[in-house]
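To start, the structure itself, in structure tokens.
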Amino acid sequence: MQTAESRPGHTPLLEARRLSKDYGDTRALDSLDLTIAPGEVYCLLGPNGAGKTTTINLFLGFVAPSGGQALVSGLDVATHDRETKQRLAYIPEQVMLYRNLSGLENLEYFAALGGKGSLGRERLTEILVEAGLERDAVDRRVSEYSKGMRQKVGIAIAIAKEADALLLDEPTSGLDPKASNEFSALVERLRNRGVAVLMATHDLFRAKDTGTRVGIMRYGRLVTELSTDEIGHADLERIYLQHMHD
Amino acid sequence: MRSESTVAWIRLIRLEFARVIRSGGVAAAVLLLLGLGVYASWQGNRRIQAAEAATSAAETAYRDQLAYLSSIYPPTTEAGEPLYYLAFPAPQPPSRLSALASGRMAVETASLRIRLLALEGQLYEHETLNPRLAAAGHLDLAFVLIALLPLFVIAVTYDIVSGERERGTWRMARLFARPRRLIAAKIAARVVLATGLVTSPALIGAFSTGIDADGRAGWAIALIALHTLFWFALCLGVAGGHRSSTANAMILVGVWVALTFLAPAVLSLTNALLHPVPEALELTVRQRQGYHEAWDLPRAGTMESFFEDYPKWSDWIVPEDEFTWAWYYAMNHRGDQAARDASHAYRDILTRRDEWARRWSLLVPPLATQIALDRLSSADLGTQLAYQEAVRSYHERLKAHFQPFLFSAAPMAQVDWDRVPSFEPAVPAGDAPQAGLPAAAALILISVCALLPRIRSRPSPDS
């Protein structure tokens with residue numbers, strides 16, 4: 001198994017060092033060690049409550065760690081809030097956008113919020129189309145969009161941001177197979193550009209298909225880590241179920 | 001060439017503006033407020049036109065009445081007789097700024113027509129004329145901007161942070177910028193919208209009424225701007241926290257009701273209890289009693305009282321057994337003398353009330369703004385009292401002009417009608433900075449206090 005640490009010249013973009021999070025008496029994440037290099041897609045698998053979303057929230061700085069560190073490009077999220085957020089893009093299960101703005105206006109809004117005033121409407125339209133949105137849909141209000149279309153706007157926002165790392169929390173949940181496939185293709189394109197991707201998912205097929213590595217979590221602990229090159233779909237399902245029944 | 005950052009700011013504010021205006025109900029509220037504002041400006045313009053028409057009508061009425069009296073009385077008629085009927089115009093030209101803030105114009109007249117008789121009753125006769133207006137007041141632009149605009153500010157600001165959280169866009173936005181940049185853009189877009197709501201009707205009113213662009217207008221604009229910003233500061237102070245949108249809305253509407261209606265009512269009631277003012281009718285009754293008693297008194301006694309105030313006529317011999325106009329007007333003067341102490345007390349207590357209200361209103365931003373605007377537009381109590389003083393002074397000058405004719409029992413043909421004194425309007429109390437500065441300072445101070453919770457708070461990651 002080849003990890004980011006083991007590959008010379010690759011500084012991990014995302015790194016967890018004994019990262020822990022407690023909610024009262026409940027330990028949601030327990031001493032997680034994790035590294036994700038540029039161009040890697042790391043899929044976190046596990047049942048509800050395994051700590052996947054907590055891990056993502058810790059990298060995003062949305063919750064404070066109880067112990068350990070979450071690092072983005074070597075910077076501690078706890079002490080470099082702004083710098084680390086600038087390097088990250090995030091797509092949750094439900095991409096929430098401004099419903100009374102169009103897809104193009106939403107993209108324009110978030111780009112402007114990030115201080116990017118140089119991206120013209122033509123370029124932003126191109127990004128939306130690149131993210132898979134139909135050209136005639138870009139000017140329609142988001143309130144008329146399907147979930148898949150909103151996910152594509154979310155991807156477009158990540159592209160426009162030129163983020164180094166993309167954090168995905170159940171991004172294909174509720175998408176039809178075609179939309180899921182399109183989404184995976186988009187992630188693949190970002191990976192090829194050197195973006196590090198951390199994706200929390202229940203979808204074993206998608207994890208094997210899209211990911212370069214897979215980590216299985218249970219009760220807040222990373223119980224195993226696999227390279228997707230070395231296993232098949234059936235192996236992954238078998239290993240996953242084994243860990244769930246241990 | 002604009003920097004990328006500037007372009008990004010402009011774009012962000014434009015899109016936030018679009019987002020707000022497309023929200024359900026906001027466009028309707030904007031149209032309603034604009035409509036009310038324009039209507040209030042139009043009404044203000046009509047009031048000014050009516051006041052100016054009344055001023056010119058009073059002058060015409062005086063000339064017509066004088067011509068009529070001259071036509072019905074033979075030239076040998078004693079001057080005292082037509083003077084009994086003749087009413088002299090004492091119009092106070094309205095401040096054009098009062099088109100925007102009408103203040104006490106609804107309940108106080110500034111265009112009295114006074115006769116040479118006892119004065120005190122004439123000053124207050126109008127007070128019983130229009131109780132309906134006294135109760136309802138005018139819909140002026142100041143009311144729209146001070147009472148209604150804050151409600152709009154609340155409606156577009158109460159969920160400025162909580163709405164983002166509840167929609168789920170807050171996390172996405174936080175990955176792009178610090179919360180303060182997002183909030184600043186949101187506030188800026190709403191300030192642009194509110195500025196449009198303030199300036200559109202105000203400019204229409206200013207141009208249609210011909211308001212001078214002087215210091216008073218400048219202070220009025222500054223106060224309205226500061227008052228609107230106070231509400232933004234308050235909304236930000238409350239809505240920038242971690243409460244839900246519903247809680248924010250309830251708190252802000254509660255504060256709006258408290259500051260706009262309850263606090264002014266409590267202050268007014270407290271003021272009334274601390275400074276009880278007798279009814280103006282009481283002055284009128286005292287004056288009339290003083291005057292009517294004199295019918296039954298020896299005339300020499302009445303004249304003695306008169307000579308105390310006008311010693312130059314003390315050599316005049318009072319005939320006890322015949323009617324003279326000089327005695328008749330001296331008897332009227334006795335009525336004013338009878339009401340004099342009460343009148344002074346009345347004015348003193350009103351002045352104390354005015355000062356008390358101005359001082360304590362500084363704690364209540366809408367009231368402080370309203371009182372300062374009334375003062376700037378010369379529609380406040382101080383100006384009304386100054387107007388009454390100007391009328392008293394005019395009445396004295398009229399008496400000084402006509403007394404020689406009355407004491408010599410001159411026929412009306414001998415009266416110098418061309419040199420009858422004209423009314424000299426009152427000068428508004430206090431200059432523009434005196435009127436505007438205390439309220440402006442209070443608004444800034446209270447706004448900073450309202451923002452303190454946000455200035456001192458640091459966002460926690462778990463928020």
Side-chain angles (χ1 to χ4, degrees), chain A residues 21 23 56-66 70 77-78 81-82 84-102 104-121 124 141-143 150 153-154 157-158 160-161 163 166-167 169, chain B residues 1-28 30 156 159-190 193 242 458-463:
Chain A
K21 178 66 186 176
Y23 291 107
I56 286 179
N57 283 340
L58 285 161
F59 275 114
L60 289 167
F62 291 160
V63 293
S66 306
V77 171
D81 181 69
R82 190 73 250 125
T84 53
K85 280 191 171 70
Q86 278 172 346
R87 290 169 163 82
L88 299 175
Y90 168 57
I91 299 179
E93 181 181 350
Q94 296 277 352
V95 173
M96 302 313 292
L97 302 166
Y98 296 111
R99 292 171 59 81
N100 53 5
L101 295 181
S102 68
L104 178 58
E105 286 172 330
N106 265 284
L107 182 54
E108 208 180 349
Y109 188 98
F110 285 109
L113 190 58
K116 289 184 186 292
S118 58
L119 292 174
R121 290 175 69 84
L124 293 170
R141 295 223 181 147
V142 162
S143 55
R150 289 204 304 275
V153 176
I157 290 170
K161 191 179 181 188
L166 179 60
L167 303 170
D169 193 0
Chain B
M1 193 171 146
R2 288 183 292 197
S3 70
E4 182 174 12
S5 169
T6 310
V7 173
W9 265 110
I10 293 169
R11 187 178 287 181
L12 191 56
I13 292 168
R14 175 177 59 77
L15 287 165
E16 183 61 30
F17 186 89
R19 214 175 67 71
V20 173
I21 207 79
R22 287 177 195 169
S23 299
V26 171
V30 166
V156 295
D159 64 345
I160 199 161
V161 173
S162 56
E164 294 281 335
R165 287 206 182 94
E166 288 159 11
R167 270 191 304 273
T169 43
W170 180 246
R171 288 187 158 195
M172 181 79 93
R174 280 193 60 193
L175 285 182
F176 284 82
R178 291 181 196 281
R180 282 180 187 171
R181 178 180 169 88
L182 177 63
I183 293 170
K186 286 172 168 295
I187 289 289
R190 285 153 177 81
L193 185 56
H242 300 286
R458 294 188 178 281
S460 67
D462 288 312
S463 65

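Chain letters run A, B, ... following the sequence lines, proteins first, then strands; residues in each count from 1. This structure is a prediction, so every number in the text was calculated from the model and none was measured.
- For a residue to count as touching a neighbouring chain, one of its non-hydrogen atoms must lie under 4.5 Å from one of that chain's; by this rule A:Ile157 touches chain B with backbone and side chain alike.
- Taking 4.0 Å as the cut-off between side-chain N and carboxylate O, B:Arg11 and A:Glu105 do not count as a salt-bridged pair.
- Distance check, rounded to the nearest 0.5 Å: CG of A:Leu113 to CG of B:Leu182 gives 5.5 Å.
- Interface residue B:Ala173: backbone and side-chain heavy atoms are both found under 4.5 Å from chain A.
- Note: A:Leu119 leads A:Leu88, A:Leu119, A:Thr84 in heavy-atom pairs under 4.5 Å with chain B.
- For chain B, the nearby part of A:Val95 is the side chain; its heavy atoms alone come within less than 4.5 Å.
- In this structure, A:Ser118 and B:Val7 have side chains that are not in contact, with every pair of non-hydrogen atoms separated by 4.5 Å or more.
- Between the side chains of B:Glu164 and A:Tyr98, at least one donor N or O sits under 3.5 Å from an acceptor N or O.
- The side-chain heavy atoms of A:Lys161 and B:Leu175, taken from C-beta on, include a pair separated by under 4.5 Å.
- Using a 4.5 Å cut-off on side-chain heavy atoms (C-beta onward), A:Asn57 and B:Arg171 make contact.
- In terms of heavy-atom proximity, B:Ala8 sits nearest to A:Ala112 at O-CB, 3.5 Å.
- The closest side-chain heavy-atom distance from A:Met96 to B:Met172 is not below 4.5 Å.
- With B:Phe176 as the aromatic partner, A:Lys85 does not meet the cation-pi criteria of under 6.0 angstrom to the ring centre and within 45 degrees of the ring axis.
- The CD atom of A:Gln94 sits 15.5 Å away from atom CZ of B:Arg167, with the distance rounded to the nearest 0.5 Å.
- Of the atoms belonging to A:Asn106, not a single heavy atom falls under 4.5 Å from chain B.
- With contacts defined as side-chain heavy-atom distances shorter than 4.5 Å, the pair A:Leu101/B:Arg22 qualifies.
- Summarising the geometry of B:Glu4 relative to A:Lys116, their closest heavy-atom pair is OE2-CA, 3.4 Å, with the distance given to 0.1 Å.
- At a 4.5 Å heavy-atom cutoff, the contact between A:Arg141 and chain B is made by side-chain atoms alone.
- For A:Ala89, the part lying near chain B is the backbone, with the side chain staying farther off; criterion is any non-hydrogen pair under 4.5 Å.
- Within a 6.0 Å radius of CZ in B:Arg14, more than 12 heavy atoms belonging to other residues, nucleotides or ligands are found.
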